[in-house]
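First up is the structure itself, then whatever we jot down about it.
In each ligand, atom 1 is the first atom listed, and ligand 1 is the first ligand listed. Below, all heavy atoms of this structure are taken into account, side chains as well, without hydrogens, waters or symmetry copies. Sequence positions, counted from 1, serve as the residue numbers for this chain.
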Amino acid sequence: MGTTLFNNVRILDGSGGNPVPGSVLVEGKRIKSVGRGNAAISTAGATVIDGAGATLMPGMCEAHTHFSWNDAATLAGIQTMPLEEHVLWCAKVAKRYLEAGFTSCVGAACAKPRLDVVIRNAIEAGQIPGPRYLAASQEITVLGALGDETLPHLPFPEFSFGVNVSGAEEMRKAVRMFLKYGVDSIKLNLSGDNFVPGAPADTNWMTDAEVAAAMEEVRMRGKRGTAHARSAASVKQALRHGIQVIYHASFTDEETLDMLEAQRDRIFVAPGIAILYAMLHEAEAYGITHEKAVQMGYDVEWDAAIESLRAMHKRGVRILFGGDYGFAMTPHCQNARDLEFFIKYLGFTPGEAIRCATLYGGQIMMKGHELGQIKEGYLADLLLVDGDPMANIAILRDPKRLLAVMKDGVFAKAPPTRDTFGAERAWSRAA
Ligand SMILES: [Zn+2]
């Protein structure tokens, strides 16, 4: 069993508090002991990493991940990637996420039925490197809504980004298919999206009978329901039916906020606000000028989302970071940018931003008792960061500042040694 001692680090334990100097011993895949201050930890047989004052924090959890989004500018551009290339793409992206410090990811929908399941299984079996992963279904949607990419003259289901259903029985069949494949969660597109002409963000698409049928199956198998829900009515629908992870939640009213607060210990909100910002300000190269984005409704949604999320944060709703990276305007592995947005626009303190990536991350991964914090007995998913993320959160998306990534006690990105780093810093490895 390998043991690693991180010496001379600033421990940012993931609970939201300030870092403290100390050392952390990892044995096997777990954190064996945490020494605060100068408390000595036995080094016998351990690989010693001299952190030279770097920050040691829990690995981050991305709460709204789409490995199979292939950095295209449109849903069709994702969907038309052939399956064989798509599998390889997902495997490559999974490795990149892990090396970028995301030791856990919550799948929020994939582009072909089994992509997420196959990648999760390959990671768990040790066939490919990647984060801990919860596998999602494809988006389940209805004709005309977000995710229905069929064309009038080409009505083949393979052309659709999501799976189209009509009525409770078709819903039940689609959900059962994904459960048979082994997904951890079923994704329902309850609201529209400004991305889709004719189905903007504040519109609603599924009947209560359809959602109820889906959730009956989900509960029977002990799995989790998740929802694309931008409108207030869709957020309320998700809450009424026991859906646990709500993506976006841009539009709310007092009743919606009251319902969210009442269920705050059961639910998670992962808004993915970077895509709203990018559509408004950074998508011109992909044919979406600021003017066009305003016409599509993105300025109205941005304002509503900021107001809604600030209110949710005040009410103690767990808001998690990440979401909808994998489009041309929001490329993969810039996900930690959300943390900057949370501080800048949502009124988070840096500690709260860290906490939503760590403590809450362990909880959304259904492992809050052993994941997401630097605590004795917890799983050793750790990042060694050059600098203080509490002072400058942006360093978390700079690969050069991410000195090491550990998952399950094993380095996915090993720290530079004295040989590679020169005398400037004293990383060292015991014989
Ligand atoms: Zn999404």
Please determine if Asp184 and Arg120 form a salt bridge, counting it only when a charged side-chain N lies under 4.0 Å from a carboxylate O. yes
Can you name the N, O or S atom of Asp324 that is closest to the Zn ion (ligand 1)? OD1
Kindly state whether the ring of Tyr298 and the ring of Phe195 have centres lying under 6.0 angstrom apart. no
Between His228 and the Zn ion (ligand 1), is there a contact where an N/O/S atom of the residue lies under 2.8 Å from the metal? no
How about His332 and Asp71: do any of their side-chain heavy atoms sit closer than 4.5 Å? yes
Hey, is there an N, O or S on His66 sitting under 2.8 Å from the Zn ion (ligand 1)? yes
Tell me whether the centres of the aromatic rings in Tyr277 and Trp302 are closer together than 6.0 Å. yes
